Amino acid sequence: MALELTGKHLIAGKWVGGDKTFSSAPAHGEARTFANGSPAEIDAAVKAAEAAFLTYGYSTREDRAAFLNAIADEIEARGAEITEIGTQETGLPEARLNGERGRTTGQLRLFASHILNGEYLDRRYDPALPDRTPPRPDIRLMERPIGPVGVFGASNFPLAFSTAGGDTAAALAAGCPVVVKGHNAHPGTGEIVAQAILAAINKCGIDAGVFSLIQGEGRDIGEALVQHPLIRAVGFTGSLRGGRALFDLCARRPEPIPFFGELGSVNPMFLLPDAVSARGDEIANGWVGSLTMGAGQFCTNPGIAVVLEGAEGEAFVETAKAGLEKVNAQTMLTDGIAAAYRSGASKIEGTEGVKAVLTTTCDLRNAKPYLFATTGAAWLANHELGEEVFGPLGMVVAVTDTDEMLKVAESLEGQLTCTLHLDPGDADLGRRLMPVLERKAGRILANGFPTGVEVSDAMVHGGPYPASTNFGATSVGTMSIRRFLRPVSYQNIPHALLPADLR
């Protein structure tokens, strides 16, 4: 297919654009002009979604699975277009875009299989006990879709966490229409994916209000989406500041709704002594690869390494430095992200108690790694050292002993991940750390690196605040469908009136 863009919003099956526009800021190639959304267009999209819910929310699991698979097919059919526009807009390499497209279609197909299985419905049945005193009625329970869902596209994943990404796939699988606020960093990529969804809608004969994409810049569009009275939940992947602002708006609504925000973290690694002694260089080189993957623009980027002070800890730092010095400059996703990275690195470099191990010069959208070192005491005394810097920046925290390592773990805010690097002789210290880390993170790893989140049944991509706004949820994996469902009990309801899946 040839690359063809309308530059418009997709609202309930129609391409719509007004006088307001904005220009994209691609990493490569010419800027393009796109329609800039308004609260009025959000209103039209959400009302269409509510109307579509009356049929889509009561469709069969088989029909929804066919729809999800059709979206995946249509995305794959546009693979070359998506890679072309995606690399231009984001600066990400072709291999990364192709891999992310596979992850996106894989998520859709996984949810299709998941809903056909039916276990997510959590069906329960308490039969009537008419002879009991008091009698018990016939009671059945099943999870039901909640209604229209708002989704915000992410800057760092133009496919897997954006237009047809995990939030959209989970909501559509649950039976919820979706209104997406596209990210202005990659509007062309978003439109091509929206074209694929529209083709699937037409192929499957589904109400076109089931999906809309509103493009644009400005806070008013996002605020209108989360405050619309017909939106029942919101999925968001982005910054702590932006996510918290939207979360507060959801909470202040006359009828508050859940805001499922994934807001990032520093993803600390704890390097236990036997592991460092046996394979410190191996761990350091692995950290370099994970830290710099995708210019460090992953929410699971392991920015902190905690190690015991001493010769082996110093050797770890030197090996990491040597590896990071070999990493070439990488293009960041946006000018704003690159500027924030430089600002964050400068702030850390000027912090008392922090030693600059490796510094560099970054310009425009290019980024090279930074490496800093500090002590456990300095870390514990300065909360700001635990704040995320989005990019390939690493910090080594050298603690005096295992007790101080435990104090560092206890001082952490909520994280998406925490990692233990340990050998068999480290088991006792690992057992001391585990109860702490379980309360700090949604995912705990051993002898690995957190970049690369598997899309599966057992995955949790979330964690205590500020990693996410809902510690009981995940934004990756089949369990993420629970965010867009609610349990309903049916008491003495005639068989003919029960939902088909509960009969």
Side-chain angles (χ1 to χ4, degrees), residues 152 154 156-157 161 166-167 233-251 256 258-270 290-291 296-306 340 344 348 374 376 379-391 393-395 397 399 404-420 430 432-446 448-454 458-477 479-480 482-483:
F152 285 76
N156 60 333
F157 279 88
F161 279 90
D167 290 340
V234 174
F236 174 89
T237 299
S239 70
L240 174 59
R241 181 179 178 183
R244 181 56 198 249
L246 295 172
F247 173 82
D248 290 344
L249 286 176
C250 287
F259 178 84
F260 298 104
E262 189 269 281
L263 310 180
S265 64
V266 295
N267 306 293
M269 305 187 308
F270 292 84
S290 183
L291 185 68
Q297 298 169 118
F298 290 91
C299 46
T300 53
N301 188 35
I304 306 295
V306 184
I348 289 178
T374 189
W379 169 277
L380 293 168
N382 189 348
H383 176 268
E384 292 183 352
L385 292 179
E387 295 178 356
E388 180 183 29
V389 177
F390 196 59
L393 183 149
M395 181 180 294
V397 181
V399 295
E404 190 169 63
M405 181 177 283
L406 196 66
K407 289 178 182 178
V408 169
E410 291 169 343
S411 75
L412 293 171
E413 292 186 320
Q415 305 289 326
L416 294 171
T417 73
C418 288
T419 300
L420 291 171
R432 292 177 65 196
L433 284 163
M434 280 296 291
V436 178
L437 301 185
E438 284 179 354
R439 300 185 66 185
K440 300 294 183 179
R443 177 164 58 115
I444 304 171
L445 299 81
F449 298 93
T451 42
V453 183
E454 184 70 22
M459 178 53 62
V460 172
H461 189 60
Y465 185 85
S468 70
T469 56
N470 190 309
F471 59 74
T474 175
S475 62
V476 176
M479 198 175 74
S480 66
R482 295 183 183 179
R483 298 173 297 167

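Every heavy atom of this structure was used, including side-chain atoms; hydrogens, water molecules and symmetry mates were not. These numbers were taken from a predicted model, which means no experiment stands behind them. Positions are given from 1, in the same order as the sequence printed here.
- Counting non-hydrogen atoms of other residues, nucleotides and ligands closer than 6.0 Å to CZ of F471 gives a total of 12 or fewer.
- Listed for the T237 side chain is no donor-acceptor partner under 3.5 Å among the backbone atoms of A154.
- Two residues are said to be in side-chain contact when any heavy atoms from C-beta on lie closer than 4.5 Å; R443 and V453 meet this criterion.
- Here the OG-CZ distance, from S475 to F260, works out to 11.0 Å after rounding to the nearest 0.5 Å.
- Side-chain contact annotation: T417 with N267, donor-acceptor N/O pair under 3.5 Å present.
- Residue P256 comes nearest to A251 through the heavy atom pair CG-O, 3.6 Å, listed as atom of the first residue, atom of the second, then distance.
- Taking all atoms of both residues into account, the shortest heavy-atom contact from H461 to L416 is CE1-CD1, 3.9 Å.
- Between the side chain of Q297 and the main chain of F390, no donor-acceptor pair closer than 3.5 Å is present.
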Worksheet item: Can you list the steps and then say if Y465 with L263 is a side chain to side chain contact (heavy atoms under 4.5 Å, CB included)?
Response: CA-CA 8 Å; Y465 185 85; L263 310 180; 4.2 Å; yes
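- Listed by chain and residue number, nothing satisfies the side-chain contact (heavy atoms from CB on, under 4.5 Å) test with S468 (two or more places apart in sequence, or in another chain).
- Expressed to the nearest 0.5 Å, how far CG of L420 lies from CG of L433 amounts to 6.0 Å.
- Side-chain atoms of Q415 come within 3.5 Å of backbone atoms of E413 as a donor-acceptor pair (strictly under, hydrogens ignored).
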Worksheet item: Are W379 and I304 close enough, and set up right, to give a side chain to side chain contact (heavy atoms under 4.5 Å, CB included), and what steps lead you there?
Response: CA-CA 11 Å; W379 169 277; I304 306 295; 3.8 Å; yes
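- The backbone N or O of V389 lies less than 3.5 Å from no partner atom in the side chain of E387, so there is not a single donor-acceptor pair.
- Identified under the salt bridge (charged side-chain N to carboxylate O under 4.0 Å, His left out) test for residues 240-251, with sequence neighbours left out: R244-D248.
- The number of heavy-atom neighbours closer than 6.0 Å to CZ of R439, taken from other residues, nucleotides and ligands shown, is 12 or below.
- S290 and P450 get closest at one heavy-atom pair: OG-CD, 4.4 Å.
- Here the CD-CG distance, from E388 to L240, works out to 8.5 Å after rounding to the nearest 0.5 Å.
- Side-chain atoms of T300 and F449, non-hydrogen and from C-beta on, never get closer than 4.5 Å to each other.
- Side chains of L246 and F259 form a contact here, defined as non-hydrogen atoms less than 4.5 Å apart.
- Of all the heavy atoms in G442 and P464, the pair that sits closest is N-CD, 4.4 Å.
- Taken to the nearest 0.5 Å, the CZ atom of F161 stands 5.5 Å off from the SG atom of C299.
- Checked against R483 for a side-chain hydrogen bond (donor to acceptor under 3.5 Å, both in side chains), the options T474, D167, N470 give a single hit: D167.
- A distance-only check finds no donor-acceptor pair linking the side chain of S411 to the backbone of L380 [under 3.5 Å].
- Here CG of L412 is found 7.5 Å from CG of L437. Values are rounded to the nearest 0.5 Å.
- For the residue pair A409 and K440, the shortest heavy atom distance occurs at O-CE, 3.5 Å.
- Annotation: side chain of I444 is not in contact with side chain of T419 (no heavy-atom distance under 4.5 Å).
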